[in-house]
Amino acid sequence: MSVLVTGGAGYLGSHLVLELLGAGEEVVVLDNLSTGFEWAVPEPAELIVGDAGDRLLLNHVLRTRKVEAVMHLAGALAPPASVADPLAYYLDQTVKAREVIAASAANGIGRFVFPSSLAVYGPPTCLPLGEDAPCAPATPYALHKLAVERMLGEADAAYGLSYVVLRFGHIAGADPLGRAGQSTIGTTHLVKVALQAALGRRDHIPVFGTDYDTPDGTGIRDFIHVSDAAAAHLAALRHLRGPGRSLTLNGSYGEGHSVLEVIDTVQRLAGRVLDVRARARRPGDVPSLVAAASRIRAELDWRPRFSALQIILGHALAWERRSAAAAA
Ligand SMILES: NC(=O)c1ccc[n+]([C@@H]2O[C@H](COP(=O)([O-])OP(=O)(O)OC[C@H]3O[C@@H](n4cnc5c(N)ncnc54)[C@H](O)[C@@H]3O)[C@@H](O)[C@H]2O)c1
């Protein structure tokens, strides 16, 4: 029996595959390599290059690889694309997820794990945000994530497809053993931008919004180490293999860090003063977004290992340095 990871050649996916292999699981990756990399899929996982929206291929893989659980990570992360080409985005995020869910249900697979986003809540109505807070997605990305969550709820009721939805904030860091890290081209993630500046590959770091009602005026965000996020998927799988019911959980430590705190930590780790430039607030950004973590700790056997910001950023910096050295 095997676990199918769509998007397993990507950032989160490659760490998830390492986590699953480390737990003795047999892993099949389905990835079209649009933003992922063949080299990022560790052996002995099998990589099948193909599209998550290809129903015939999905049926073939689910049957021939004796798949017993599906983790659906495939999809683009780029919110600007959702505005520039919304219909392509609908296809990628929601229509293809529907195909993966439908193929899973049709092939009798009862276990499904899906990484969603804290963005589904929209502007926070309370802090920290609990899973029962109302959802009012403010971006197409968040709306698509919520649509997939709803599809899963309905598929469970209709076909008995048990699922765990994990809502993450900013996933950051890299594998502590240096086997994987963030290599996505063109990512504008704060951590990646700060690290590139620390290595001299960017001349400055723009900070969008320095006049928020927060201790240092910059936004407070929810960060999680990528290996802890991957471990949460494995814990979700174990939950679904037991008598556990479907769950929607925040994948969070329950604490936040400001943008300046992240930049300061990178400066200290890199031993270098960076050029930080204040910019206007971006539409849709909120002062603080921190999720409650009590439910995931109560429901899953998940013990985060790398929650300190210094560790998250230290692992990310080590990966960035290694990648820069390899490219030189
Ligand atoms: N990185 C974060 O901070 C974060 C936070 C919350 C949720 N997530 C979710 O986690 C998942 C993975 O994100 P990531 O950061 O690893 O992104 P990523 O771009 O590194 O990985 C996505 C992977 O999916 C593949 N892919 C895309 N479309 C595909 C398709 N149609 N068929 C097959 N493969 C396809 C890409 O080639 C890539 O390997 C996404 O669903 C994302 O929304 C990520």
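Just follow the structure's listing: the first ligand is 1, and inside any ligand the first atom is 1. The structure displayed is predicted, hence computed values, not measured ones.
At least one heavy atom of G169 lies less than 4.0 angstrom from ligand 1. Remark: distances from the non-hydrogen atoms of K145 to ligand 1 include one below 4.0 Å. At least one heavy atom of G75 sits under 4.0 Å from some atom of ligand 1. Between A172 and ligand 1 there is no heavy-atom distance shorter than 4.0 Å. Residue contacts with ligand 1 include T184, since one of its heavy atoms falls under 4.0 Å from the ligand.
Each of the atoms 11 (C), 12 (C), 40 (C), 41 (O) of ligand 1 lies under 4.0 Å from some heavy atom of L73. Close approach to F168 involves these atoms of ligand 1, each under 4.0 Å from a residue heavy atom: 6 (C). Numbered from 1 in the order shown, with element, the atoms of ligand 1 that lie under 4.0 Å from a heavy atom of L33 read 37 (O). Atom numbering of ligand 1 starts at 1 in the shown order; those under 4.0 Å from a heavy atom of K96 are 31 (N). Ligand-side atoms of ligand 1 in range of G50: 32 (N), 33 (C), range being under 4.0 angstrom from any heavy atom.
Of the options F37, Y141, F114, the smallest heavy-atom separation from atom 8 (N) of ligand 1 is shown by Y141. Which of P115, S183, G36, S116 comes nearest to atom 6 (C) of ligand 1 through a heavy atom is settled by distance: it is S116. Of the candidates D31, L166, V100, the one placing a heavy atom closest to atom 25 (C) of ligand 1 is D31.
For Y11 and H189, the distance between ring centers is not under 6.0 angstrom.
In terms of polar-atom proximity, N32 is counted as a contact of ligand 1, with an N or O under 3.5 Å from an N or O of the ligand. Geometrically, ligand 1 and L12 share a nitrogen or oxygen pair separated by less than 3.5 Å. Ligand 1 has a nitrogen or oxygen under 3.5 angstrom from a nitrogen or oxygen of I171. The N/O atoms of S34, backbone and side chain alike, include one that comes under 3.5 Å of an N/O atom in ligand 1. Checking only distances, A52 does come within under 3.5 Å of ligand 1, N or O to N or O. Of the N or O atoms in Y11, one or more lie within a sub-3.5 Å distance of an N or O in ligand 1.
Partner S116 forms a side chain to side chain donor-acceptor pair (under 3.5 Å) with one of E149, H144, K145 and no other, that one being E149.
Cation-pi geometry between R167 and F114 is not met at under 6.0 angstrom from the ring centre and within 45 degrees of the axis.
Remark: F37 CZ is packed, more than 12 non-hydrogen atoms of other residues, nucleotides or ligands lying under 6.0 Å away. Applying the 6.0 Å contact sphere to OH of Y159 captures no more than 12 heavy atoms from other residues, nucleotides or ligands. Residue R179 places its CZ atom among more than 12 non-hydrogen atoms of other residues, nucleotides or ligands, all under 6.0 Å distant.
Taking CG from L309 and OH from Y253, the interatomic distance works out to 10.0 Å, rounded to the nearest 0.5 Å. Taken to the nearest 0.5 Å, the CG atom of L269 stands 11.5 Å off from the CD1 atom of I312. Rounding to the nearest 0.5 angstrom, the gap separating the OG1 atom in T64 from the CG atom in N59 is 10.5 Å.
A salt bridge links D51 with K96; the closest basic N to acidic carboxylate O contact falls under 4.0 Å.
For residues 279-293, the pairs satisfying side-chain hydrogen bond (donor to acceptor under 3.5 Å, both in side chains) are D211-R281, R282-D285, with sequence neighbours left out.
Within the 3.5 Å criterion, the main-chain N or O of Q310 finds no donor-acceptor partner in the side chain of T265.
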